[in-house]
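Okay, so here's the structure we're looking at.
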Amino acid sequence: MKTLSRSRAVRTPGGLSLRLDVRAVLVVVLLLAAALAAGVALIGTGDAKIPAADVIRTLAGHGTAYQDFIVNELRLPRVLVGLLVGASLGLGGALFQTVSRNPLGSPDVLGLSQGSTAGALVVIVLMSGSAAEVTVGALVGGLVTGLAIYLLAWRQGVHGYRLVLVGIGVSAIATAVNGYLLTKADLVDAARAVVWMTGSLDGRDWDQVWPLAGLCAVLVPLVLAGGRGLRMMEMGDDVAGALGVRVQRVRLVLMVCAVLLTAAATAAAGPVSFVALTAPQLARRLTRSPGPNLLPSLCMGAALLVTADWAAQRVFGADQLPVGVVTGVLGGAYLLWLLVTERRAGRI
């Protein structure tokens with residue numbers, strides 16, 4: 001009995017040829033379909049329920065004025081932010097895990113989310129800043145934290161376990177700073193900070209959509225273009241260098257992209273936990289490919305976050321939860337399972 005090949009060679013009219021992993025392409029298509037379906041379901045969810053067919057008709061420009069206001073003005077921006085944040089976290093997590101060569105090397109563990117939170121708390125507690133200023137503070141906090149981790153982990157290059165260990169230390173420091181800032185806040189600012197720290201898509205509008213969409217439009221193609229070098233680097237820096245890859249340059253560019261994606265996602269929706277950790281691992285298990293799985297991780301992150309937001313609104317009855325609570329519960333359970341699996345395999 002014949003079996004389908006995992007990959008096929010494709011030749012373009014211009015003479016270029018590339019090899020596609022059939023299973024990975026199928027996984028990407030299915031994850032995109034799942035993310036879009038969850039987005040349509042989420043748009044139709046709420047006090048004013050709208051059937052999926054009417055949601056699609058309204059998005060195509062054929063809905064009533066009432067449906068157009070509910071769908072395009074109130075709910076579509078929230079869903080788009082969810083898709084973009086999930087995609088950014090999934091792609092950023094895949095980059096960090098590949099560079100560190102460690103399944104625990106995600107922004108949650110390395111301290112980038114905590115650094116972004118510290119930047120936001122400084123603006124909320126010390127400056128009583130607006131929502132736009134909180135977004136800028138979170139972005140700056142994430143960038144500063146990422147730079148500190150990279151510099152502290154550098155010793156004739158950045159290597160996996162050193163990066164993870166430094167990140168864990170920086171995460172502990174940032175968590176302590178966040179706790180200190182909360183103790184110095186008044187009641188109103190503390191309540192506002194706690195809500196932001198949970199991670200939520202409530203109240204998101206077009207002001208959050210466009211900056212994140214523009215950043216993704218620039219960074220995602222840049223990251224995907226570096227996928228070949230990243231795949232070679234999995235064989236070791238010496239082998240990758242012998243094959244013509246500028247290892248340190250590629251690693252630095254991709255880590256900057258990962259930090260920007262993570263910081264921007266955190267600035268838009270707060271520190272939504274564990275999506276960056278779980279999305280690359282789940283994508284790798286679906287594709288069964290040893291590579292970085294950048295595009296599948298991106299699609300998995302988008303599907304996970306939008307589905308979690310739908311569950312946060314529908315599963316718990318009248319008590320609607322922030323999406324960060326749902327991803328935290330599911331991601332924590334996954335992390336425990338991952339640690340047990342790694343220990344049984346003798347890798348930790």
Side-chain angles (χ1 to χ4, degrees), residues 78 81-82 84-86 88-89 92-93 106-146 148-149 167-205 207-208 211-212 259 261-278 301 304-305 308-309 311-313 316 319-333 335:
R78 174 186 181 130
V81 170
L84 291 169
V85 167
S88 299
L89 292 175
S106 77
D108 306 292
V109 178
L110 297 180
L112 289 174
S113 298
Q114 291 81 356
S116 295
T117 301
L121 287 181
V122 167
V123 175
I124 294 173
V125 175
L126 302 182
M127 303 169 58
S128 298
S130 64
E133 291 171 336
V134 171
T135 299
V136 173
L139 186 60
V140 172
L143 292 175
V144 171
T145 304
I149 293 172
I168 291 173
V170 171
S171 176
I173 294 173
T175 301
V177 171
N178 294 340
Y180 172 78
L181 290 173
L182 283 177
T183 63
K184 293 299 181 181
D186 59 35
L187 185 60
V188 175
D189 287 340
R192 180 185 172 197
V194 169
V195 171
W196 189 90
M197 290 171 62
T198 305
S200 175
L201 296 175
D202 291 343
R204 298 305 182 265
D205 56 26
D207 291 337
Q208 282 82 36
L212 189 55
V259 170
L261 287 168
T262 304
T266 305
V272 180
S273 58
F274 288 114
V275 173
L277 174 69
T278 57
L304 277 178
L305 190 56
D309 194 35
Q313 294 190 47
F316 301 96
D319 298 326
Q320 294 187 7
L321 298 178
V323 66
V325 175
V326 178
T327 60
V329 171
L330 298 178
L335 178 60

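Below, each value reflects all heavy atoms present in this structure, side chains not excepted, and no hydrogens, waters or symmetry copies. Residues: numbered from 1 along the sequence shown.
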How close do [X] and [Y] get, counting heavy atoms only, and between which atoms?
{"X": "A263", "Y": "S116", "value": "CA-OG, 3.9 Å"}
{"X": "S88", "Y": "L261", "value": "CB-O, 3.7 Å"}
{"X": "G93", "Y": "P107", "value": "CA-CD, 4.0 Å"}
{"X": "T262", "Y": "G92", "value": "OG1-CA, 4.4 Å"}
{"X": "A265", "Y": "L212", "value": "N-CD1, 4.2 Å"}

[X] side, atom [atom1]; [Y] side, atom [atom2] - distance, nearest 0.5 Å:
{"X": "T278", "Y": "L330", "atom1": "OG1", "atom2": "CG", "value": "8.5 Å"}
{"X": "W196", "Y": "T117", "atom1": "CH2", "atom2": "OG1", "value": "4.5 Å"}
{"X": "S106", "Y": "L112", "atom1": "OG", "atom2": "CG", "value": "9.0 Å"}
{"X": "T145", "Y": "L110", "atom1": "OG1", "atom2": "CG", "value": "11.0 Å"}
{"X": "Q313", "Y": "L201", "atom1": "CD", "atom2": "CG", "value": "8.5 Å"}

Going by the rule side chain to side chain contact (heavy atoms under 4.5 Å, CB included), which residues pair with [X] if we only count those two or more places apart in sequence or in a different chain?
{"X": "A185", "answer": "V125, D189, A190"}
{"X": "D207", "answer": "D205"}
{"X": "T327", "answer": "V272, S273, V275, L305, A308, V323"}

Could you tell me whether the side chain of L121 reaches within less than 4.5 Å of the side chain of M197, counting heavy atoms only?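 Yes. Closest side-chain heavy atoms under 4.5 Å.
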For residues 193-204, which residue pairs qualify under salt bridge (charged side-chain N to carboxylate O under 4.0 Å, His left out), counting only residues two or more places apart or in two chains?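 Checked against salt bridge (charged side-chain N to carboxylate O under 4.0 Å, His left out) - neighbours excluded - the pairs reaching residues 193-204 are R78-D202.
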Please list, one pair per line, the donor and acceptor atoms closer than 3.5 Å that link side chains of residues 168-183 to other protein atoms, with sequence neighbours excluded.
unit_1	atom_1	unit_2	atom_2	d
S171	OG	Q114	NE2	3.4
T175	OG1	S171	O	2.8
N178	OD1	A118	N	3.3
N178	ND2	Q114	O	3.4
N178	ND2	A174	O	3.2
T183	OG1	Y180	O	2.5

Quick one: side chains of residues 131-143, donor-acceptor pairs under 3.5 Å with protein atoms, not counting sequence neighbours, listed by atom name and distance.
unit_1	atom_1	unit_2	atom_2	d
E133	OE1	S130	N	2.8
T135	OG1	A131	O	3.1

